[in-house]
Amino acid sequence: MSRIVKEYKKIKKVLEGHGEAFENLIVQLAPVNEYDLLSWKATIRGPSDTPYNGFSIGLTIKIPSDYPISPPMVKFEPYKMPHCNVNFQTGEICLDILTRQHWSPAWDLLHVLKAIEQLLQEPVPESPLNVDIANILKEGDRTAYTGLVRYYFCGGT
Amino acid sequence: MSEVESDSYLSLVYEDELYDNESMELYESQTTAVHCTDEIPCHKFESLQSYESEFDIEDLQFDEEDESEDEPLREQSTHTLDKPSLDGSNLPNLRYESLTTDDIFQRMLQRVDHLQPVLSIPAEDILLLMQRFDWSEERLLEDWTEKADELLIGSGLKRVHEADKEGENGLVRGIKHRESFTCPICCEDKTETFVMECGHEYCTDCYKHYIKDLLNQGNIITCMGCSLALKNEDIDLIMGSASSHKLMDSSIRSFVTKHNRNYKWCPYADCKCIIHLFDASSLEEYTRLHCSKFVTCKSNHSFCFTCGYEMHAPADCSVVSAWVKKAKKESENLNWVLAHTKECPKCSVNIEKNGGCNHMVCSSCKYEFCWICGGEWAPHGNSYYQCTVYKSDDDKGKSDKDDLRKTLKRYTFYYRVFNEHEVSAKLDWKLGQNIGHKVRALQESVGVSWIEGQFLPESLKILNEGRTALKWSFAVAFYSDPSHNLTKIFADNQLLLSNAVEDLSQLRQIQDPETIMQRKTEFYNKAGYVENRTHALMECGRDLLRKGICKTKD
């Protein structure tokens with residue numbers, strides 16, 4: 001438990017401007033309320049060289065009771081996320097470090113957000129959850145990819 | 001039966017002609033009397049006895065062919081059910097051994113000893129490398145000759161920048177006692193820590209949690225901060241002794257499951273044996289001939305190597321799987337399984353997809369496949385993704401249901417008989433649990449020698465085998481074309497065996513040691529008869545399968 005408290009303090013510090021690496025990424029990362037550190041919300045900026053550039057993307061993070069032995073559970077919420085490794089319906093993310101097998105207790109929430117940023121920059125169409133977007137990526141059709149992502153972010157259903 | 005047909009029926013036609021009239025009569029009574037043999041009139045039973053000589057001739061022929069099959073674990077030389085699978089002449093000779101994970105691990109340790117002078121790194125490190133290469137010496141050596149350094153770094157045995165840093169920190173791996181240390185994982189102040197050459201230091205409590213979680217996976221465990229590997233001695237140091245053994249055990253387990261063509265776990269509850277078939281390549285020949293390879297483990301459990309069920313002759317594996325599935329079909333469980341899971345296309349284990357992408361890895365055989373099309377994953381990774389259309393399972397499900405309803409009546413009958421024999425077999429088995437006492441009682445009260453008393457367990461074994469064969473024969477009967485003559489002959493054979501089994505079973509009820517000794521010859525005769533009948537039934541069942549009269553459709 002004291003681990004997540006420590007992490008909270010560290011995150012506060014980083015967000016106050018001491019962490020250059022996260023300035024461009026994190027808009028917000030905080031527990032839903034101060035008394036329950038097991039449920040978090042995050043907002044990240046779409047990385048600049050991707051179709052997500054310019055959009056804010058919401059995430060919910062659930063901390064399991066045996067954290068950091070078990071990895072946190074991260075989902076794209078409340079907005080639907082068009083990405084080939086994200087389940088469009090549920091927001092579930094297919095990312096190896098978030099599985100029990102590959103997670104290391106030495107990582108923290110900032111690492112997780114960094115890894116998600118990387119997933120936005122380098123989608124893995126070889127193991128898709130969103131087949132349509134994966135197909136577009138495999139075809140190498142950047143324009144269609146950008147268009148589709150923008151369509152969804154600008155109010156498409 | 002016409003003249004033309006009779007040529008193709010071989011020995012069975014011969015039988016058929018011999019007691020043709022009676023056989024029809026028996027067949028008619030079969031539907032009602034097969035599981036309540038007491039009601040069968042005496043004269044019928046006598047008439048059955050008269051055929052015995054005929055079957056003896058048949059069995060003599062089998063015995064000659066027996067030699068082609070090698071069953072090292074079987075003591076009985078002539079009449080054993082899994083022997084020749086009755087026309088043994090064509091069956092390849094498959095040798096096997098019964099092992100435990102420990103046996104396999106010991107062998108791996110021997111291989112490590114062999115490798116040690118070649119690789120000239122500590123044995124601990126080789127063990128780790130072997131673990132990484134799924135205990136395949138060949139692959140390890142291949143990679144070693146090509147890129148030893150890369151291999152060591154990849155396996156976490158060597159750090160990337162070892163040379164530059166070594167002098168600087170001079171860290172020695174091991175447990176440290178510190179006055180005050182804030183563990184970066186739990187953020188609590190601890191005094192006992194574990195540190196590696198990489199400089200990552202965490203408290204031993206965190207390490208314990210972390211390792212405990214990973215012991216069952218059988219993979220190499222690394223430092224929590226980087227990819228430097230923990231060796232077995234480190235694990236034992238942190239966790240206390242024998243923990244690394246658990247890791248090795250799970251690693252061997254995953255080795256066994258991955259090599260499931262040659263290695264099979266004994267399916268009996270709590271049995272730790274593994275059957276290793278030396279050459280699995282000719283196993284297909286068994287399938288083709290509708291025979292099954294039955295093996296016996298160290299704890300004397302017999303099972304089918306291919307499907308893992310008990311000895312199920314005369315049925316073959318496809319009949320068994322169809323039958324068992326059917327038996328389960330009614331239960332809610334199966335409905336759920338059908339609705340929510342798919343079978344692994346390779347090993348047929350049922351898999352529930354509870355999240356993640358469509359790139360599935362079977363937890364049982366490690367086969368990688370696509371959830372949508374069931375095809376192998378490898379081509380999906382590189383080529384255009386074409387599996388957007390779900391295969392409609394609905395149509396298949398519907399016809400299955402119709403089929404079920406149509407055959408339900410027939411099925412219920414066969415299932416009931418099947419079940420009754422299963423129950424009886426269990427009772428017989430319970431009876432057999434104290435067979436040792438009985439033999440001892442014989443020795444003590446009547447004064448027979450141990451070897452002389454062996455007819456008792458021997459007859460019990462034959463009884464069990466007869467019952468099992470009889471039980472599975474109903475699965476065969478269910479899937480056979482009822483109008484065909486051979487099916488009728490099969491039913492006759494079932495009845496004959498059923499009578500013989502009940503007869504022997506009755507003898508086994510006798511408690512008094514003296515009476516048992518007095519009727520010893522009867523035991524011998526009846527057990528021998530059951531054995532002959534079992535063979536005949538199996539042969540007949542195999543004929544049904546081979547000629548395509550018995551088909552499982554789905």
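A, B, ... follow the sequence lines: proteins, then strands. Residue 1 opens every chain.
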Asker: Measuring heavy-atom distances to chain B, does A:Pro68 have an atom under 4.5 Å in its side chain, in its backbone, in both, or in neither?
Answerer: side chain
Asker: Hey, does the side chain of A:Arg3 reach the backbone of B:Ile185 with a donor-acceptor pair shorter than 3.5 angstrom?
Answerer: yes
Asker: What part of B:Cys183 is in contact with chain A, defined as an atom under 4.5 angstrom from a non-hydrogen atom: side chain, backbone, both or neither?
Answerer: neither
Asker: Do B:His209 and A:Asp66 come close enough that some side-chain heavy atom pair is under 4.5 Å?
Answerer: no
Asker: Is there side-chain contact between B:Lys212 and A:Ile69, with at least one heavy-atom pair below 4.5 Å?
Answerer: no
Asker: Report yes if the side chains of B:Leu214 and A:Gln101 come closer than 4.5 Å at any heavy-atom pair, otherwise no.
Answerer: no
Asker: Ignoring hydrogens, what is the shortest heavy-atom contact between B:Gly225 and A:Ser104? Give both atom names and the distance.
Answerer: N-OG, 4.5 Å
